[in-house]
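Right, one structure below, let's go through it.
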Amino acid sequence: MHSATVSSETIMAVNFRGGRHTQFQRQAASASPSGRATRFGVKCEIPKRGATPKAVAGEDIRGAASRRAPLEKSNLFKAKFVPFFKNESDPNESYDLDEVIYRSKTGGLLDVQHDMESLAIYGPEYWKALFDERVGKTSWPYGSGVWSKKEWVLPGIGDEDIVSMFEGNSNLFWAERFGKETLGMTDLWVKQCGNTHTGSFKDLGMTVLVSQVNRLRKTLGKPLVACGCASTGDTSAALSAYCAAAAIPSIVFLPKDKISVSQLVQPIANGALVLSIDTDFDGCMRLIREVTAELPIYLANSLNSLRLEGQKTAAIEILQQFNWEVPQWVIIPGGNLGNVYAFHKGFKMAMDLGLTDSLPRMVVAQAQNANPLYQSFKTGFAEKISMSAESTFASAIQIGDPVSIDRAISALKECDGIVEEATEEELMDAAARADLTGMFNCPHTGVALAALIKLREAGTINSDDRTVVISTAHGLKFTNSKIAYHEKTIEGFASTYANPPLDVKDDFGSVMDVLKGKLEY
């Protein structure tokens with residue numbers, strides 16, 4: 001219990017670690033609270049929170065935010081780049097986030113490491129209250145599902161440098177009918193990460209990366225001429241939109257004839273320089289890495305770990321939407337695999353800071369035509385496998401040499417995760433089957449749903465297990481494949497769940513004949 005002068009407002013809170021219900025009073029005035037609990041060897045406090053002032057005449061929400069008092073002790077929150085795998089020859093290797101660097105001295109991946117001891121000064125109930133207080137508001141930049149958790153994402157950036165379209169806060173959809181009728185499940189949920197500005201979860205990471213580039217260019221004067229990425233579609237859409245909002249040039253390398261027109265038009269519409277290259281994603285990735293090594297272009301692919309800081313907030317958001325309860329399973333479509341690690345990182349950060357007491361088991365779902373992680377999983381991760389990915393309707397995960405495979409394997413080992421695959425027909429059938437219950441799924445979500453169907457049939461996932469399927473993009477980006485499925489024009493597919501329109505003559509009798517044959521009454 002805090003010894004402090006407080007208001008009469010009382011909050012019932014759950015101590016997840018001890019499983020006990022306790023009461024504490026939220027500090028509402030100037031006080032010096034003593035520690036409520038100890039984590040990481042420091043006392044947890046409840047600090048004062050600065051309210052966002054009301055905008056004055058002629059002032060916008062950025063201006064109002066500039067007059068807001070900072071969170072008490074927020075100057076203690078730090079983050080830095082460190083090697084994902086510790087460098088034994090230089091165990092203290094680290095880099096400031098303002099450095100333009102993508103790999104460690106040994107050539108390995110970097111990770112963003114937060115000062116967890118400083119974050120732990122504030123107890124779990126404080127963080128829950130703070131995040132809940134900010135969610136869905138228009139206060140800059142906290143209306144964003146990402147920036148409402150700013151202290152856990154990019155604590156050192158000023159609000160004036162943030163580039164946001166109030167991304168995140170996406171729907172966690174109870175898939176009641178699909179769960180009950182198809183799978184015999186009562187607690188199946190779909191996290192609609194595609195219900196966002198550019199139609200995919202990539203917005204969550206891109207707001208962080210482009211905000212940092214904006215800071216480097218505008219506040220620190222770094223001579224960066226553009227941001228660039230290799231993409232199978234969704235990354236390029238997110239990068240081009242956020243760069244356009246910040247007036248930063250964007251450059252996109254796309255594999256020729258391997259993405260949907262809906263995906264291609266987004267970076268074009270947002271003014272990006274689009275290079276359609278006669279190769280696959282892995283070839284585009286190789287080229288963009290070579291180019292960014294020679295020119296002052298900031299690399300925006302998930303090789304850059306800043307993006308994962310934004311993407312991890314989807315995991316924290318799921319916990320928040322479940323009132324800080326942990327689901328048993330989270331199923332994620334896997335391509336370049338950065339999102340797998342990002343979700344794990346979000347769940348683990350919440351656990352390490354005491355907001356939850358466990359990790360969900362993660363399932364990575366891969367298309368059979370691009371399944372290097374699944375192949376590695378079958379060896380018990382004894383081998384790290386790369387392959388030449390074959391064509392798949394799930395084009396955004398058509399990646400045979402994923403950059404973040406080490407990150408994904410590490411995450412799966414820590415949460416006792418598994419990997420499943422889906423054939424082309426399985427993923428398209430699963431998407432169509434779920435669509436018939438009210439969804440409108442992209443093929444990548446179809447991969448995750450197909451994996452779920454297999455795991456239910458095998459008895460791995462139980463009927464009452466709380467399970468979350470991550471929908472990574474909006475189905476409207478993939479109408480061509482849906483049309484082909486329902487027209488039954490995909491070679492070798494039975495299109496079992498197709499629902500094509502019926503041609504009917506222009507007369508009442510013909511219409512009635514069709515209706516009588518189709519309706520039950």
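Counting begins at 1 with the first residue of the sequence.
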Going by an N to O cut-off under 4.0 Å, is there a salt bridge joining K222 and D98? no

Heavy-atom closest pair (L204 atom, A314 atom, distance to 0.1 Å) is CD1-CB, 3.8 Å

For A237 against K477, the heavy-atom pair lying closest together: CB-NZ, 4.1 Å

May I ask you to decide if P141's main-chain N or O and S144's side chain share a donor-acceptor pair within less than 3.5 Å? no

Distance only, no hydrogens: is a donor on one side chain within 3.5 Å (strictly under) of an acceptor on the other, for Q398 and N369? no

Mark yes or no for whether E317, through its side chain, and G168, through its backbone, hold a donor-acceptor pair below 3.5 Å. no

Check whether any side-chain N or O of S148 sits under 3.5 Å from a backbone N or O of G143 as a donor-acceptor pair, and report yes or no. no

Work out which heavy atom in C243 is nearest to a heavy atom in P249; give both atom names and the distance. SG-O, 4.2 Å

Which is it for K150 and W147 under the side-chain contact (heavy atoms from CB on, under 4.5 Å) test, yes or no, and what are the steps along the way? CA-CA 4 Å; K150 176 185 174 184; W147 297 108; 3.9 Å; yes

Smallest heavy-atom separation, P372 atom then I385 atom, equals CB-O, 3.2 Å

For K80, does the NZ atom have more than 12 heavy-atom neighbours from other residues, nucleotides or ligands under 6.0 Å away? no

Going through the checks in order, is the side-chain contact (heavy atoms from CB on, under 4.5 Å) test met by S305 and L110? CA-CA 6 Å; S305 53; L110 295 172; 4.3 Å; yes

Strictly distance-based, threshold 3.5 Å: is any side-chain N or O of Q321 a donor or acceptor partner for the main-chain N or O of S170? yes

Modelled atom types, side-chain donor and acceptor of T235 and K202, under 3.5 Å: yes

Can a donor-acceptor pair be found, under 3.5 Å and without considering hydrogens, that links the side chain of Q366 to the backbone of L373? yes

Taking the side chain as every heavy atom from C-beta outward, state whether S164 and V146 have any atom pair closer than 4.5 Å. no

Would D161 and Q212 count as having a side-chain donor-acceptor pair, cut-off 3.5 Å? no

Taking C-beta and beyond as the side chain, do P124 and L353 meet within less than 4.5 Å on heavy atoms? no

Distance, nearest 0.5 Å, that separates NE2 of H444 from CG of D234: 6.5 Å

dist M206:CE -> Q311:CD (nearest 0.5 Å) comes out at 8.0 Å

Considering only heavy atoms from C-beta outward, does the side chain of D132 approach that of W324 to under 4.5 Å? yes

Indicate yes or no for a side-chain donor-acceptor contact from S231 to the backbone of S236 under 3.5 Å, with no hydrogens or angles considered. yes

Answer yes or no: does atom CD of E290 have more than 12 heavy-atom neighbours from other residues, nucleotides or ligands under 6.0 Å? yes

Could you grab the distance from atom CG of L172 to atom CD of Q320, nearest 0.5 Å is fine? 11.5 Å

Residues N87 and T106: side-chain donor-acceptor under 3.5 angstrom: no

Just by modelled atom types, is the I101 backbone N or O under 3.5 Å from a matching donor or acceptor in the Y95 side chain? no

With P360 as reference, evaluate I331, V330, V468 under the side-chain contact (heavy atoms from CB on, under 4.5 Å) test and give the passing residue. V330

Kindly assign one of parallel, tilted or perpendicular to the pair F322 and W189, based on the angle between their ring planes and the thresholds 30° and 60°. perpendicular

Is any side-chain heavy atom of L306 closer than 4.5 Å to a side-chain heavy atom of L154? yes

Check against side-chain contact (heavy atoms from CB on, under 4.5 Å), E309 and K345: CA-CA 8 Å; E309 293 304 294; K345 189 172 186 180; 2.5 Å; yes

How long is the gap from CG on L224 to CG on L299, to the nearest 0.5 Å? 11.5 Å

With no hydrogens and no angle check, do the side chains of N304 and Y298 hold a donor and an acceptor under 3.5 Å apart? yes

NZ on K384 to CG on D401, rounded to 0.5 Å: 8.5 Å

I want to check something: taking the side chain as every heavy atom from C-beta on, are L319 and P327 in contact at a cut-off of under 4.5 Å? yes

Going through the distances and angles, do T392 and L427 end up as a side-chain contact (heavy atoms from CB on, under 4.5 Å)? CA-CA 10 Å; T392 172; L427 72 90; 4.1 Å; yes

Determine the interplanar angle of the W127 and F77 rings, folded into 0 to 90°, and report it as parallel if under 30°, tilted if 30 to 60°, perpendicular if over 60°. tilted

Counting N and O atoms only, with roles assigned by atom type, does the side chain of N371 sit under 3.5 Å from a partner on the main chain of Y374, one being a donor and the other an acceptor? no

Check this for me: does any side-chain nitrogen of one of K256 and D278 sit under 4.0 Å from a carboxylate oxygen of the other? no

Just say parallel, tilted or perpendicular for the rings of H197 and Y242, cut-offs at 30° and 60°. perpendicular

Looking at side-chain heavy atoms only, is the closest gap between T196 and M165 below 4.5 Å? no

K482 side chain to N441 backbone, donor-acceptor under 3.5 Å: yes

Could you tell me the separation between the OG atom of S240 and the CD1 atom of I268, rounded to the nearest 0.5 Å? 9.5 Å

Please report the shortest heavy-atom distance between W329 and V363, naming the atom on each side. CE3-CG2, 3.6 Å

Can you check whether S471's main-chain N or O pairs, donor with acceptor, with Q192's side chain at less than 3.5 Å? no

Is any side-chain heavy atom of F166 less than 4.5 Å from a side-chain heavy atom of W140? yes

Does any part of the side chain of C229, heavy atoms only, come nearer than 4.5 Å to the side chain of V252, both counted from C-beta? yes

Less than 4.0 Å between a side-chain N and a carboxylate O, is that true for R407 and D111? no

Let me know which of I399, N336, L337, I409 forms a side-chain contact (heavy atoms from CB on, under 4.5 Å) with S404. L337

On a heavy-atom basis, the closest approach of I251 and L239 is O-CD2, 4.1 Å

